[in-house]
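So the structure is just underneath, and the comments pick up after that.
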Amino acid sequence: MSKLYKLSAKEVNTGIRSGEFTAEEYIIQILERIDKVNPKVNAVICIDRNGALEKARLVDRKIREDEKIGPLAGIAIGIKDNICTSGLKTTCASKMLEEYVPPYDATVVRRLKDDDAIIIGKLNLDEFAMGSSTEFSSFGPTSNPWNTDYVAGGSSGGSAASVAASECSVSLGSDTGGSIRCPASFCSVVGLKPTYGLVSRFGLIPYANSLEQIGPIGKTVSDVVMIMKTIAGADDNDQTVQVTYRTPDYTFSSNEKMRIGLVRELTEGAEPEISKRIYSAMDLFTNLDCKCEEISMNYVDYALASYYTIAMAEASSNLSRYDNIRYGFNFTPDGYEWNAYFAKVRSNFGDEVKRRIIVGTYVLSSAYYGKYYLKAQKIRTMLKQELRSLFKKYDILIAPTMPILPFKFGEKIDDPIKMFMIDIDTVIANLAGVPAITVPAGFSNDLPIGLQIMASEFQEQKLFNAALLFESNTNINRSPEL
Ligand code: GLN
């Protein structure tokens with residue numbers, strides 16, 4: 001059997017349905033692939049061998065017996081380890097949740113299973129999804145499959161690297177301030193942060209609820225769309241889902257004359273090789289009959305400060321629940337006075353998480369609330385309004401996904417500000433709640449560059465049209481040799 005593990009999700013699905021190969025044959029190859037490359041990449045932190053093989057056999061049986069099968073039949077998918085999987089450890093790459101086995105599936109996971117996808121395991125991330133390089137993981141960092149001396153990006157580093165390294169066909173990540181798009185861009189794959197309120201967050205262990213969404217990562221735009229059809233839509237368990245339909249209906253029409261704005265501040269602020277790529281993407285769209293122009297955004301300079309203030313405030317409140325009583329690791333309170341126990345237990349958080357709890361508590365304290373938290377919210381509203389008026393004139397906005405190329409391990413880990421700065425291009429979509437996708441746009445020094453496309457709320461269709469148009473007119477490698 002040729003290299004089945006390299007196939008896109010769509011190809012896998014077609015191959016299995018047509019009887020070209022079985023789900024079991026494919027999953028065996030995927031598991032062998034993980035065994036071979038994961039020691040180099042460290043993207044998968046928990047492999048569910050038995051579960052995956054069992055599901056593959058079930059899919060094969062359904063096909064053999066002509067039973068109804070789901071639209072994702074046979075596709076190997078990996079899940080970021082901050083999304084709950086019933087009976088399978090969900091650690092957030094934190095010592096705090098080392099032993100946590102959720103008693104339920106996140107809505108997105110349940111839907112994937114119902115549609116006959118095969119969950120191969122859990123994927124690495126920065127602890128509690130806080131970071132941009134996956135270096136803050138208690139499982140050790142994830143390497144970039146294009147060059148293992150470099151970071152894979154974060155926080156969903158495992159989700160992007162596992163897809164690029166062909167350890168699974170598609171994956172789920174979460175994106176609070178760029179965590180799907182940053183690693184997808186660094187690993188030369190496609191990653192989508194959906195509109196806030198399109199995908200259920202039930203079962204996503206929260207970092208900053210008002211900003212984050214679960215979204216797919218895949219090798220192609222159509223793989224990402226395929227997963228969205230399964231995971232998006234109304235959910236009784238998450239009242240922040242704003243749509244009433246269960247399955248979105250995406251149909252492609254890539255030749256409409258799109259109006260495109262290139263965000264000057266974000267593009268000019270990037271490394272020269274990166275901004276060059278984004279300008280040539282604009283030229284490409286122009287040649288394809290789109291109406292492109294450069295535009296300016298006023299509030300870009302304040303976006304990062306606003307994002308980190310809000311994100312840390314929400315994190316400090318979310319993380320207060322970890323007292324190791326309800327869930328956690330093996331350590332009994334016997335013999336401890338409560339405060340001593342609480343302090344001891346919470347020292348299990350990593351330094352980055354601790355820093356955020358402390359800063360978040362500070363910006364919410366009564367003396368500083370107005371000065372920081374409230375101000376950050378005001379900026380968020382202004383940014384939202386600015387984008388709203390821009391989207392009256394433009395169907396989509398384009399910019400780099402990341403202002404820099406993937407960097408070497410250790411380069412930014414000691415300087416939080418340096419690490420925060422690289423999120424400048426991605427946090428805007430989270431603050432405004434709009435959808436954003438990254439698609440591979442080329443390489444510089446053999447390291448990937450991503451093009452980011454943003455659209456107005458619930459206009460995923462426009463994102464997909466533009467992303468597909470770009471993808472089908474470029475030919476950028478998504479499969480590194482490993
Ligand atoms: N790097 C950003 C942060 O650390 C984004 C993380 C995320 O999207 N989960 O907050």
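Model, not experiment: these values are computed from the prediction. Both ligands and their constituent atoms are indexed starting at 1 by order of listing.
Side-chain contact check for Val434 versus Ser456: every heavy-atom pair is 4.5 Å or farther apart.
For Phe420 and Tyr308, the distance between ring centers is under 6.0 angstrom.
The contact shell of ligand 1, taken as protein residues with any non-hydrogen atom closer than 4.0 angstrom, comprises Ala129, Met130, Gly131, Ser132, Ser155, Asp175, Thr176, Gly177, Gly178, Ser179, Tyr207, Tyr307, Tyr308, Arg356, Asp423.
Arg355 and Glu352 are joined by a salt bridge, as a carboxylate oxygen and a charged side-chain nitrogen come within less than 4.0 angstrom of each other.
Note that Lys412 lies in the cation-pi zone of Phe407, set by a 6.0 Å cut-off to the ring centre and a 45° limit from the axis.
Put simply, the side chain of Arg246 never gets that close to the backbone of Thr244: no donor and acceptor are under 3.5 Å apart.
Phe202 meets the ring pair (Phe, Tyr, Trp, His ring centres under 6.0 Å) test with Tyr104; sequence neighbours excluded.
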